[in-house]
Amino acid sequence: MTKRISTILLTYGAILVVLLTAFAFNTISNEAPDTRQLNLNEDIETKVDSVLSLMHLNEKIGQLVQYSGKWNATGPSSSNGDQHKLDKLKKGEVGSMLNVTSVASIRETQKIVMEHSRLKIPLIFAYDVIHGYKTIFPIPLGETASWDLDVIKQSAAIAAKESAASGLNWTFAPMVDVSRDARWGRVMEGAGEDPYLNSVVGVARIKGFQGDDLSHIYTIAACAKHFAGYGFGEAGRDYNTVNIGDNELHNTILPPFKAAAKAGVATFMNSFNDIDGIPATGHKVLQRDILKGKWGWNGFVVSDWGSIGEMIAHGYAEDKKHAAQIAMNAGSDMDMESYAYEAYLEKLVEENKVDIAQIDEAVKRILRIKFELGLFDDPFKYCNEQREKEEIYTDEHLAIARDVAKKSIVLLKNENDVLPLSKSLKSIAVIGPLADDKDSPLGNWRGKGDYNSAVSLLEGVTSAVGTSTKINYAKGVDLTIPTLEPGKNQFLYPLKFNTTDNSGIAEAVAMAKKSDVVLLAIGENAYQTGEGRSQTNIGFLGLQNELLEAVYKVNKNIVIVLMNGRPMDLSRVSEISPAILECWHLGSESGNAIADVVFGDYNPSGKLPVSFPHHVGQEPLYYNQKNTGRPWSSKHVTYSGYRDAPKSALYPFGFGLSYTSFKYNNLNFDKTEIDKNGSIKVSVAVLNTGDRDGEEVVQLYIRDLVGSLVRPIKELKAFEKIMLKSGETKTVSFTIDAKMLQFYTANKKWEVEPGDFDIFIGGNSKDTLKSRITITE
Ligand code: BGC
């Protein structure tokens, strides 16, 4: 009782403080207070209310506006000379800037607001820190292949530390879009085809970026994107329409977002696509009802770049004013680069088309994060030149980048134990357009990674071997033809592939001929994947196939060192080469990390987060398909499959070899029947049968045999990465409880449906032990 009374008194007390503060300042003279002085030792909610109560409508709308500096901007007031942005900053009518980087530029921009604006509400500075700021880590898809959540969290934490040391407060990562179509260029940016893997990897990244405390100088706000459905664009075409129903939406697409919201991600970004006719940016059910309503999430939603305005092109809004109305009413809080909110929200309020309460709510969400970041206490908190000099691209960070990179490599094939190579081989040919490429390993979203700053494969291999090993290098062919000056950011420009100049192949053949083994580095240029990089051909573009065949003619001992950002068609290479290493775009330390694996200093432990097809025509290809009424049969025609290609993957989800081998046995359950509240403990014995120590990712899948909605043939539900000494056996246990088995059912609820479930455990999604359990009412 006493507790209740004191709660009431406290609540009223807080309201009184707000009202008095509002009253004191709110008769709103233009002699407004500096909101930084409003630190009344209150909780953040009270402070947010206090600030809101001081704001004019134009200032409120201003908080909902985000402008970009230029690519590699040095600040809006200096290099891009955009007078409009400068005026708005001075009036306090901008809430956030993106692409303004470096302490000097951020300080300069924040100063404009602090010196000129009425309320001095600090800006929040954002940047796409996707896989590292200056120390570049593997692309997210590659890093996911480590299946090592600690390592993934650590790489995000370093990216955050470097970004924050550079003045930034907010990254547009992680992308948690489930991506199942290799044609889509942005496959590289996420955690692949599985909802569970996207959830746990997304959460690890969020924890890495945000730490436990957003106000710490080493942390930044994260952003779960793109809400929602962006990975399901028809035919793998970027920005394309998404036609999915409730089942796919709730059971496949939303779970990683829900996990992100639950983990306390500060922001969400909506997406470019429409879902079943409604552009995500204008999707009220997604943003207001589900995210902010059902999930009770209290961060803010930023639009994607220009996506509010793009609702006009979608044919969903008549004009920008209409687009602003739709987006705000749907719960899109901040307008990134559409210039729609700043132009029309005031009018829309006047006309009662947008409720001021919605604007207030959006502003509060944004202010809350600014308070949490500590920007009201000190808007220049993250602007420290010393830290910028000392805490970025350090040896320590590079060492960690190397560790993450080597753990991200997946050994796809290793016939006759070609790998690891001995360091005392007489000669190694290092061949291919990517063999001495110091730029592609940085990947597409390389933050502030310097052009050509990665360790190339050639460099890594050369420094790993002694002087008695002869390295015979030849590029063979150029993959692309330069169209920009060297070093110019290729992000916005298409690549041109070399399809004619094969003059270097003869030299490559000569090198291959005189070497014991060939390391052939082929795959994709950094800018072949990423935004706007959809492709219909997922093979080796340019003249790479020609190079492969020519080298193969003279030396069969080829180790393919793949560098790429999407699942590729490896049918030919896997037919002719004894060994394949999937090396993605591994970041700053790429060549060293690959050498660690090539020479066996590190025993590869990565597993694929995406299925690799036999043929592009199989896409979208993913292991967790549905069975259909006519599952595949090779004997008859009228079954679901292809007549000219297999139905299954060439390399399945979860697959990856080691230099040792593992055997699974003794799949054991403590019981096989439970009710909906019970739980079952399942264990399996994993034995290292080879003569090296190695790590294995033990994966648990389920299949719900009968559902009120058709269920996938397998679903990943848990995994554990373990280290086993040669000859060692470990028992790995998992607990299966009702929560793990539930799904969004025909009742439109998350629930467990009683019945039989198959449980599979193994080292990939295909080769597993299997048994059955039953769930009763
Ligand atoms: C992308 C986002 C990105 C934003 C800001 C958009 O084109 O879709 O993922 O965060 O640009 O750079």
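Values in this document were obtained by computation on a predicted structure and should not be read as measured data. Numbering of ligands and ligand atoms starts at 1, following listing order.
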Quick one: are Val100 and Tyr67 in side-chain contact, heavy atoms under 4.5 Å?
-> no

Atom indices of ligand 1, in the order listed, that fall short of 4.0 Å to a heavy atom of Met269 = 2 (C), 10 (O)

Using a strict 4.0 Å cut-off to heavy atoms of Phe272, name the atoms of ligand 1 that fall inside it.
-> 6 (C), 7 (O), 8 (O)

SB check Asp333 Lys292 (cutoff 4.0 Å) | yes

Out of Lys88, Glu342, Gln63, which residue meets the side chain to side chain contact (heavy atoms under 4.5 Å, CB included) rule with Glu93?
-> Lys88

Can a salt bridge be assigned to the pair Lys207 and Asp212 using a cut-off of 4.0 Å between side-chain N and carboxylate O?
-> no

Part of Arg186 within contact of ligand 1 (heavy atoms, under 4.0 Å) | side chain

Taking N or O atoms only and a 3.5 Å limit, does Lys225 qualify as a polar contact for ligand 1?
-> yes

Do Glu162 and Lys448 sit within salt-bridge range, that is, some charged N less than 4.0 Å from a carboxylate O?
-> no

Are any of the N/O atoms in Glu189 less than 3.5 Å from those in ligand 1?
-> no

Output yes when the distance from some N or O of ligand 1 to some N or O of Trp305 is under 3.5 Å, and no in every other case.
-> no

Below 4.0 Å from any atom of ligand 1, is there a heavy atom belonging to Met175?
-> no

Between Trp170 and Phe300, is the ring centre distance below 6.0 Å?
-> yes

Should Tyr230 be counted as touching ligand 1, given the test is an N or O pair under 3.5 Å?
-> no

